[in-house]
Amino acid sequence: MTAQIGVVIKRKLPELESLLENLPDWRTHPQYSVRELAMGVLFIFLFKRGSRNNADNTNRKGNFSKNLTKVFGCRIPDTDTSDLLMRNLPVDALEKIKHFIVQKLIRDKTFARWRTQRKRYCIAVDGTGLHSFKTEPYPNCSYKEFQSGIRIYSSSVMEAKLLCANGLSISIMTEWII
């Protein structure tokens with residue numbers, strides 16, 4: 001499984017690792033490269049780990065770490081370390097990478113078979129809530145107040161996605177609603 005995902009990434013997106021390596025790094029004494037931390041986050045989703053805790057537990061078992069090092073040439077960081085980097089990255093840095101990836105996959109006609117009968121791509125734009133909080137996470141966060149007086153704060157996004165007939169949806173752009 002690890003090797004198959006590695007082959008797909010290297011074949012379809014050979015620039016991905018260098019794009020990740022060029023993410024801004026604010027750390028003073030890094031133990032891992034920015035690329036290793038970003039790849040660690042991708043691995044959680046690519047290998048369907050579910051949670052950071054589950055990812056940490058399964059990354060330490062068997063030959064998983066060795067295989068990832070062989071295929072991707074990077075160590076697997078603790079997911080809390082990766083999370084800290086991601087929380088402090090400018091949003092537009094990741095959006096630029098996402099934009100590059102989607103452009104390349106469209107240019108390479110990866111999704112061409114899922115276009116409409118008129119040879120067009122189907123794009124959906126939708127607003128959705130991502131997180132909810134019992135306390136205000138940041139100033140002027142939107143909230144819903146219930147009759148009981150309890151406030152639930154939420155952060156929302158507008159999401160544009162490329163829709164494929166096979167059920168796959170690819171995020172094209174995400175805009176935080178503040």
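Below, all heavy atoms of this structure are taken into account, side chains as well, without hydrogens, waters or symmetry copies.
- L84 is connected to M39 through a chain of hydrophobic side-chain contacts under 4.5 Å among Ile, Leu, Val, Met, Phe, Trp and Tyr, so both are in one cluster.
- Applying the salt bridge (Lys or Arg N to Asp or Glu O under 4.0 Å) criterion to D80, with sequence neighbours excluded, gives R52.
- Taking the six-membered ring where the residue is Trp, F72 and F43 present tilted rings, their angle falling between 30° and 60°.
- Among pairs with a residue in residues 19-29, those fulfilling salt bridge (Lys or Arg N to Asp or Glu O under 4.0 Å) read E21-R35, D25-R27, at least two apart in sequence or across chains.
- In this structure, the separation between OG1 on T110 and CG on L105 is 4.5 Å, given to the nearest 0.5 Å.
- The shortest heavy-atom contact between S82 and G40 is OG-CA, 4.4 Å.
- For R75 against T69, the heavy-atom pair with the smallest separation is CA-OG1, 4.3 Å.
- Y121 contributes atom OH, which lies 7.0 Å from atom CG of L162 (distance to the nearest 0.5 angstrom).
- Counting all heavy atoms, side chain and backbone alike, P77 lies closest to D56 at O-OD1, 4.4 Å.
- Across K104 and P14, no two heavy atoms sit closer than the pair CE-CD, 4.1 Å.
- When every heavy atom of K161 is checked against every heavy atom of S169, the shortest pair comes out as CD-OG, 3.8 Å.
- The nearest pair of heavy atoms linking N88 to W26 is CB-NE1, 3.1 Å.
- Rounding to the nearest 0.5 Å gives a distance of 4.0 Å between CD1 of I170 and CZ of F111.
- The one candidate from V41, L89, T174 that meets the side chain to side chain contact (heavy atoms under 4.5 Å, CB included) condition with L94 is L89.
- To the nearest 0.5 Å, atom CD1 of residue I101 and atom NZ of residue K12 are 13.5 Å apart.
- Side-chain atoms of E95 and M173, non-hydrogen and from C-beta on, do get closer than 4.5 Å to each other.
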When you look at L23 and L20, which way does the side-chain contact (heavy atoms from CB on, under 4.5 Å) test go after all the steps?
-> CA-CA 5 Å; L23 286 170; L20 295 176; 4.1 Å; yes
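- The number of heavy-atom neighbours closer than 6.0 Å to NZ of K96, taken from other residues, nucleotides and ligands shown, is 12 or below.
- The same ILVMFWY cluster, assembled from side-chain heavy atoms under 4.5 Å apart, contains both F100 and L42.
- Residue E17 holds its CD atom at 12.0 Å from CG of N22, rounded to the nearest 0.5 Å.
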Decide yes or no on side-chain contact (heavy atoms from CB on, under 4.5 Å) for E159 and D126, but give the supporting numbers first.
-> CA-CA 5 Å; E159 184 77 30; D126 188 21; 5.6 Å; no
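- Note on M86: it clusters hydrophobically with I97, by side-chain heavy-atom contacts below 4.5 Å among ILVMFWY residues.
- Between P137 and S155 the shortest side-chain heavy-atom distance does not fall below 4.5 Å.
- Under the 4.5 Å side-chain contact rule for hydrophobic residues, V102 and L163 do not share a cluster.
- In this structure, the separation between OG on S171 and NE2 on H99 is 12.5 Å, given to the nearest 0.5 Å.
- Through side-chain heavy atoms spaced under 4.5 Å, either directly or across other Ile, Leu, Val, Met, Phe, Trp or Tyr residues, Y143 is tied to F133, Y153.
- Heavy-atom neighbours of E15 CD from other residues, nucleotides or ligands within 6.0 Å: above the threshold of 12.
- More than 12 heavy atoms of other residues, nucleotides or ligands lie within 6.0 Å of CG in N166, so this atom counts as buried by the packing criterion.
- Environment of NZ in K98: crowded, with over 12 heavy atoms of neighbouring residues, nucleotides or ligands closer than 6.0 Å.
- Transitive grouping of hydrophobic side chains (ILVMFWY, heavy atoms separated by less than 4.5 Å) keeps I76 and I44 in distinct clusters.
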